[in-house]
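Encoded as structure tokens, the structure appears first; notes follow it.
What you see is a predicted model, and the numbers here were worked out from it, not measured in a lab. Atom set for the values below is all heavy atoms of this structure, side chains included, hydrogens, waters and symmetry mates excluded.
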Amino acid sequence: MNTETASTWALEPGTELIIDGEAWRVETCLPHLGRVTLIGDEGAPWKVQLSELIHRPGCRPSTRTRKDLPAASRGRQPKSMADLLPVQQEHVVRRLEHIREVETGYRSGDPDAALPHEPLQQYDPETTTLTQRRKAKEAELRKARAMDLTLAKSLALHKVSARTLVRWDTARRKLGPIGLSDDRWLREATGHRITPEVREALFAVRDESLQRAKLTARDRERLIHQYVRETFGEKTKVPSYDVLRRVWRDWFGSNGGRQRYARSAAMAQKYATGRHVVVHRPGQVVALDTTVLPVKVLEDVFGDPVSVHLTLALDVYTHSIVAFRLSLVSDSSIDVAMVLRDMTMPLPMRPDWGEDMEWAYPGVPGTVVADFAGYEVAGLPFFAPETVTTDHGSVYRNHHLVEVQRVLGANIKPSRVLRPTDKKAVERAFGAIRSLLFAILLGYQGVDTADRGVDPEADACLTVAEMEHIIATWIVKIWQNRRFDSYAPSWDPGGDHSPNSLFAASMTQGGFALRIPSPELYYQLLPTHRVVIHGKRGVKIKNLWYDGEALDPYRGELSRRGGKDANRYVIHRDPRDPCFVFFQDPLTHDWHTLRWVGLPVEGHFPAFSDARVREAMRELRKRGLAPKSDKELLPVLLDVIGGRIPVEQWPTQLTKKQRTEHAREVTQAAAAAADRPADAIAAQSAPTEPAPAAVPAARTGSDDGKVVPLRWRERAEQGRDAVTNERRRRREAAVPERPTPPPQDLSERLRATSLLALPDDGDFDGDTDEPGAAAAAAPEEEVSQ
């Protein structure tokens with residue numbers, strides 16, 4: 001508090017001071033001793049020197065007790081003309097005209113804008129004084145009261161005196177036109193005054209009503225009366241029912257929600273930190289969510305209409321869709337892990353994309369990005385996410401995702417309970433994509449069953465791969481260039497921005513870290529298994545044996561790893577394609593692909609999943625078989641997955657659920673093949689079955705991972721060919737190898753079959769077992785005799 005304020009403002013008892021943000025009330029003030037006693041909100045006294053308060057920077061008088069302020073501005077923000085009603089503003093204008101006429105002789109206050117009769121004789125400033133003009137105005141208003149008492153009362157002129165005119169003029173000079181208003185027009189809006197006793201009763205009943213079944217407002221009123229009567233006595237007054245109902249609504253909200261949700265919201269609010277995160281750079285917060293695609297699509301095996309799940313990753317700052325995936329039936333943790341991997345990798349250009357969809361962000365030329373990535377890059381942001389916000393689904397809450405966030409260096413945090421604002425950006429993105437794209441596609445199902453078409457499944461004409469390509473093209477070409485409506489940045493709220501322009505602006509402000517992960521990131525994001533390497537059979541994971549040359553140096557040896565899984569090796573496995581697992585060499589840290597030992601060496605093998613393996617094991621137990629190796633498991637597995645069912649019987653023998661499961665296995669195998677690095681694909685001498693084009697938006701630029709569509713007839717033939725080739729290989733392996741004689745020339749073959757050919761001299765020496773030689777020797781003896 002400075003000395004000027006201290007000299008013009010007396011520290012009287014009851015005066016309120018604001019010291020370092022806290023309110024203190026003056027209890028006693030002894031100016032001759034220079035000592036002041038203050039009382040805080042908690043009632044603790046504080047004795048302080050007056051000089052200390054005067055020179056304290058954080059001390060200032062509270063407006064609630066200042067006498068030099070109008071009553072309508074004490075403890076509140078200053079009043080203004082905008083706070084008045086239109087009728088009250090007219091009253092202020094009329095008062096201002098009277099004050100101007102008293103001061104200048106003109107209603108407008110300007111001689112150049114004088115009315116024809118102005119100035120009047122009693123208001124002429126050339127012949128009258130200010131006091132005379134005030135008395136003349138008092139007499140004029142007295143006559144106006146007599147002429148029209150109703151108008152005088154509405155203008156508050158029926159009690160105006162010369163002293164009132166002086167007070168109005170002083171207030172106008174100090175506050176402007178608003179100084180002529182009546183403080184009663186802007187009296188404090190305190191609402192309902194609730195005593196501390198009733199306040200305590202309200203909160204007590206609130207806590208009690210959360211634990212009980214749902215109560216009505218009348219029930220809560222009775223409980224409040226009961227609490228006040230038993231706690232404070234019968235003499236304590238309780239407001240009426242209407243007042244209690246309005247106060248309850250203002251404090252706790254309406255009572256229209258379910259009781260279970262109300263308890264959850266109260267618990268979340270109790271433990272909420274109250275912090276608001278301000279996102280100011282790309283990748284700081286990425287919202288991740290999965291929803292059912294509202295368009296029926298055709299799966300690539302049987303051609304049946306199915307529903308797929310769309311997983312979307314949206315950058316909260318730029319509102320860029322940085323990654324997405326389509327998964328048949330439902331998504332899993334490996335799909336989420338691949339979506340997080342897609343965020344960190346640039347999106348490759350596709351054959352039908354033009355130059356307008358290439359990388360064009362300033363600061364980093366497209367050729368530089370293409371050199372780092374190894375392929376032409378599309379115009380879609382990529383970065384390493386810092387925080388990923390998800391919902392509370394089981395796919396986001398497992399040990400695999402914990403390891404994924406450790407590898408990526410990101411924080412995967414679920415949204416708060418009953419806090420839709422944590423993921424509102426991605427939820428609104430789903431709605432925008434629905435209205436801008438999905439609604440105009442064939443097979444669209446609408447928002448609910450009432451708005452659905454006659455037969456959306458019959459309207460489905462797009463395959464899963466085609467739908468993925470349409471969404472990818474729409475995101476890069478339309479969504480990234482679409483103008484924001486309500487998501488403009490804080491530093492330019494009125495400007496025109498799109499996700500691409502906002503990402504470019506952020507690159508200009510904070511730079512861009514060109515970090516493209518290595519292909520080995522795919523292996524690191526896969527689920528792991530701790531196993532022991534068998535001396536002859538390799539490693540066993542989920543009832544299947546895998547082997548390869550990379551295990552030869554470590555067969556029968558311990559890994560020398562400590563901890564919970566001591567002396568075990570870590571094997572990475574993609575659940576979407578159980579035909580292969582991946583092993584990292586302990587010495588070189590190179591990655592090697594291990595094949596399932598039951599996989600045919602020649603030909604292709606139909607895709608399968610862990611569920612098919614479990615069904616095959618159950619079938620073997622029913623038959624009473626105990627196979628010693630996975631080679632005997634192959635025919636049964638093919639029988640289970642439908643490879644040996646006649647082609648003509650496939651549509652009738654398999655149900656819709658079974659066909660969908662087969663299509664999902666093919667789609668997952670294709671996705672796993674698209675995600676694998678090029679060196680891993682080259683290491684697989686017999687790859688899995690070619691399936692539809694990779695459903696995820698694969699970010700690898702290699703063409704080795706591309707696959708072609710395979711229908712269910714080809715799938716059946718492929719299964720039979722795999723069994724035939726495997727059985728032929730076993731028969732050849734069972735027969736011992738014999739030396740193959742060199743082929744005879746034409747003369748030798750003719751001589752051996754001719755009856756007139758003479759035998760060689762060596763043919764008569766000793767016995768021979770050849771019947772041709774004996775037959776040729778008999779005629780020779782007859783001739784000699």
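In summary, the aromatic rings of Trp591 and Tyr522 are positioned with their centroids too far apart to meet the 6.0 Å limit. The distance between the ring centers of Phe512 and Phe382 falls below 6.0 angstrom.
Scanning both residues, Gly379 and Tyr361, for their nearest heavy atoms gives O-OH, 3.5 Å. Contact record, Pro677 with Pro519: CG-O, 3.3 Å, taken as the closest heavy-atom pair. A pairwise comparison of heavy atoms in Val292 and His309 identifies CG2-NE2, 3.7 Å as the closest pair. For the residue pair Gln405 and Ile412, the shortest heavy atom distance occurs at OE1-N, 2.8 Å.
Side chain to side chain, Ser559 and Tyr554 fail the donor-acceptor criterion of an N or O pair below 3.5 Å. A donor-acceptor pair shorter than 3.5 Å cannot be found between the side chains of Lys413 and Thr387.
Pro553 is linked by a side chain to side chain contact (heavy atoms under 4.5 Å, CB included) to nothing, counting only residues two or more places apart in sequence or in another chain. Applying the salt bridge (charged side-chain N to carboxylate O under 4.0 Å, His left out) criterion to Asp547, with sequence neighbours excluded, gives Arg555. Remark: Asp315 pairs with no residue by the salt bridge (charged side-chain N to carboxylate O under 4.0 Å, His left out) rule, at least two apart or across chains. Every residue two or more places apart in sequence or in another chain that forms a side chain to side chain contact (heavy atoms under 4.5 Å, CB included) with Thr367 is listed here: Pro365. Partners of Asp304 according to the salt bridge (charged side-chain N to carboxylate O under 4.0 Å, His left out) rule, which considers only residues two or more places apart in sequence or in another chain, are Arg659. Every residue two or more places apart in sequence or in another chain that forms a side chain to side chain contact (heavy atoms under 4.5 Å, CB included) with Ala313 is listed here: Val286, Leu288, Val322, Ala323, Val339, Met343. The side-chain hydrogen bond (donor to acceptor under 3.5 Å, both in side chains) test applied to Ser518 returns Glu520, not counting sequence neighbours. Residues passing the side-chain hydrogen bond (donor to acceptor under 3.5 Å, both in side chains) test with Arg397: none are found, sequence neighbours excluded. Evaluation of the side-chain hydrogen bond (donor to acceptor under 3.5 Å, both in side chains) rule for Thr528 yields Arg530 as partners, not counting sequence neighbours. For Glu403, the salt bridge (charged side-chain N to carboxylate O under 4.0 Å, His left out) criterion is met by Arg406, not counting sequence neighbours. By the side-chain hydrogen bond (donor to acceptor under 3.5 Å, both in side chains) test, Thr389 pairs with no residue at all, sequence neighbours left out.
Formation of a donor-acceptor pair under 3.5 Å by the His392 side chain with backbone atoms of Ser415 is found in this model. A donor-acceptor pair under 3.5 Å is absent between the side-chain atoms of His534 and the main chain of Lys540, judged by distance alone. Between the side chain of Asp565 and the main chain of Arg568, no donor-acceptor pair closer than 3.5 Å is present.
Salt-bridge check for Asp675 with Arg576: passed, with a basic side-chain N closer than 4.0 Å to an acidic carboxylate O. Salt bridge absent: Asp335 and Arg325 never bring a charged side-chain N and a carboxylate O closer than 4.0 Å. Under the 4.0 Å criterion applied to side-chain N and carboxylate O atoms, Asp352 and Arg350 are not assigned as salt-bridge partners.
Around the NE2 atom of His399, the shell of radius 6.0 Å holds no more than 12 heavy atoms that belong to other residues, nucleotides or ligands.
No side-chain heavy atom of Lys542 sits under 4.5 Å from any side-chain heavy atom of Pro578.
Evaluation of the salt bridge (charged side-chain N to carboxylate O under 4.0 Å, His left out) test over residues 371-395, restricted to residues two or more places apart or in two chains, returns Arg281-Glu386.
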